[in-house]
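One structure coming up, written as structure tokens, with questions to follow.
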Protein chains: 2
Amino acid sequence: MTRPAPASKPRISASEIAGAIVRAIESGELHPGERLVEADLCLRFGTGRQAVREALQQLKAAGVVEIVPNRGAHILAISAEQAILTLEVTELLFGLAARSAARRIVAGADASSLERAVAELEACRDAGDAASYMHARRHLFGALAHIAANPELTRSLDQARVHVMRGQFGFAMMRGEHAGELAQVGKLVLSGHAAEAEVAARAYVERIRHRLETP
Amino acid sequence: MTRPAPASKPRISASEIAGAIVRAIESGELHPGERLVEADLCLRFGTGRQAVREALQQLKAAGVVEIVPNRGAHILAISAEQAILTLEVTELLFGLAARSAARRIVAGADASSLERAVAELEACRDAGDAASYMHARRHLFGALAHIAANPELTRSLDQARVHVMRGQFGFAMMRGEHAGELAQVGKLVLSGHAAEAEVAARAYVERIRHRLETP
DNA sequence: TGTCAACAGATTGTCGACAATCCCGGCGAC
DNA sequence: GTCGCCGGGATTGTCGACAATCTGTTGACA
């Protein structure tokens, strides 16, 4: 190899910028309605405007921002009604992910990532702050999608997840009981009970949705 | 208004380029594995390279093309196994679209677009070629998504639809019997039978999936 | 005082050019 | 005959600059 390592060029790609923006929204650093000015993002990530523009296009496709011609991008607010609609989709996708992953584990797929995610969830079930719960939940979703090995499901779930995790309603999903529920879903998947895992996964999402419907 | 009409600026946007490429793949004009060279697309659509690059980014996010650094984009092939996995997701989404649309119609939503789509499907059920069937099916999907009024569902369904429609397996879905099945789904939605419409919608997708599983 | 028009600043949309990288052919050495 | 090396051509990645557009403000006028 002529080149020693790709680390010699740590340039940030468009996808990484998009991910960083999403995490900033999740953490409350950026809030809905706020404008995303290209020049600011260039300074923030130390990259050119082209990469920033591509990142904004990706976020637009994911429904995170809206881009109006000649006026730039701003973070979309999500109403409670829209969040409920999104969770209707998430319920189906998460259920399918749990069912497929359970079947794949029965078929001998590698379950180590899911085991780690479940352990992480149980660790923050009792004494966990919001950030660690979000981190653990992200791990669980990622592990399920990875094990399910369904590219289309992974993509849809990723976008739906991104869509709901936005600041406004994040607080409604950061309770310790939810960490326990999610860990239970992971355990059912690990034990290979596909149907029960799907039911538990859908019930988890449905409970969050009901909490939004009746505040 | 100082500006008479937006028609004075008929510049093609990135989304339109992406849509045109997808339709070209559907129609067989472009086939999986083919490279998409930026300069060629610029000449084809008469636009700059930036718009083409944004379109390719959108197609990458939708899973239609793969972009490898410094080597450009090429159309992804989809194996029968991947098509089956995609249809697992489509089955859920299409079922939800049918159920939600039926409920919204009961609640008084405008059904004219769906009525037109059903009429179009019935017209090409008997003596319809592949192109008109594809057109009618696109209309039905669009009408259901519009009536369901769930942005997240619309986005997911749109991407999943794009993903499956690619050339290789298009032929497997162009039979007259399918037009009749789809028309039946539309009629059930129009009559407001949410549960039955969902069952019919899922059965429609499942049948296609089974045909792929057992050739 | 209220309203409208023009101006200034800021931001986005687009184009062209250059550097970096990769594929593909030939060429020489073993 | 096969392997490794290396230019040539083609293509992508990135940067800078300019034009087009929008927002907010200022000022004149009824």
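Side chains included, hydrogens not; waters and symmetry mates left out as well; all remaining heavy atoms used. Here is how names work: the chains are called A, B, and so on, in the same order as the sequence lines, proteins then strands, and each is numbered from 1.
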query: Within the structure shown, what part of the strands sits under 4.0 Å from A:Glu38 by heavy-atom distance: base, sugar-phosphate, or nothing?
result: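 If one applies the 4.0 Å heavy-atom cut-off, A:Glu38 turns out to touch the sugar-phosphate alone, with no base involved.
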message: In this structure, how many angstroms lie between the C1' atom of C:dT12 and the CD atom of A:Glu66, rounded?
response: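 Going from CD in A:Glu66 over to C1' in C:dT12 covers 15 Å.
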- request: Please state whether the base of C:dT14 and the side chain of B:Arg49 form at least one donor-acceptor pair under 3.5 Å?
  value: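 Under the 3.5 Å cut-off, the side chain and the base do not form any donor-acceptor pair.
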- prompt: Given atom CD of A:Gln57 and atom C1' of C:dG13, what is their separation to the nearest angstrom?
  reply: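 Those two atoms, CD and C1', are 11 Å apart.
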query: Hey, are B:Lys60 and A:Glu54 close enough for a salt bridge, meaning a charged N less than 4.0 Å from a carboxylate O?
result: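 Judged by the 4.0 Å cut-off on N to carboxylate O distance, B:Lys60 and A:Glu54 do not form a salt bridge.
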query: Rounded to whole angstroms, how far apart are NE2 on A:His74 and C1' on D:dT23?
result: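 Atom-to-atom, A:His74 to D:dT23, this comes out as 14 Å.
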query: Where each residue is assigned the nucleotide of DNA chain D containing its nearest heavy atom, which of B:Arg35 and B:Gln50 is assigned the position nearer the 5′ end?
result: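 Going by which nucleotide is closer to the 5' end, it is B:Arg35.
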A:Leu43 CG to D:dC15 C1', straight-line distance once rounded to whole Å: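 Checked: the CG to C1' distance equals 15 Å.
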field: Closest nucleotide among D:dT21, C:dT14, D:dT14 to the A:Asn70 side chain
entry: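 From the listed options, D:dT21 comes nearest.
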- request: Would you kindly compare A:Pro69 and A:Glu54 by the position of their nearest DNA chain D nucleotide and give the one closer to the 5′ end?
  value: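 On the 5' side of the pair lies A:Glu54.
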task: For D:dG13, take OP1 and OP2 only and decide whether either is under 4.0 Å from a side-chain N or O of B:Arg53.
output: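 For D:dG13, OP1/OP2 do have a side-chain N/O of B:Arg53 under 4.0 Å.
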task: For B:Asp40 and D:dA10, give me the distance from atom CG to atom P, rounded to whole Å.
output: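 Between P of D:dA10 and CG of B:Asp40: 12 Å.
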query: Any Lys/Arg nitrogen of A:Glu88 or B:Arg103 sitting under 4.0 Å from an Asp/Glu carboxylate oxygen of the other?
result: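 No, this pair does not count.
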message: Quick check: closest heavy atoms across B:Ala77 and B:Pro32, and the distance to 0.1 Å?
response: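 Looking at all heavy atoms of both residues, the closest pair is CA-CB, 3.7 Å.
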- prompt: Should the ring pair A:Tyr204 and A:Phe94 be called parallel, tilted or perpendicular, given that the plane angle runs from 0 to 90° and is split at 30 and 60?
  reply: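 Perpendicular: the ring planes of A:Tyr204 and A:Phe94 meet at over 60°.
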message: Using a heavy-atom cut-off of 4.0 Å across all strands, would you classify B:Leu56 as base, sugar-phosphate, or nothing?
response: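 B:Leu56: no heavy atom of the nucleic acid under 4.0 Å.
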query: Under 4.0 Å between a side-chain N/O of A:Arg71 and OP1 or OP2 of D:dT23, yes or no?
result: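 True: A:Arg71 side-chain N/O within range (under 4.0 Å) of D:dT23 OP1/OP2.
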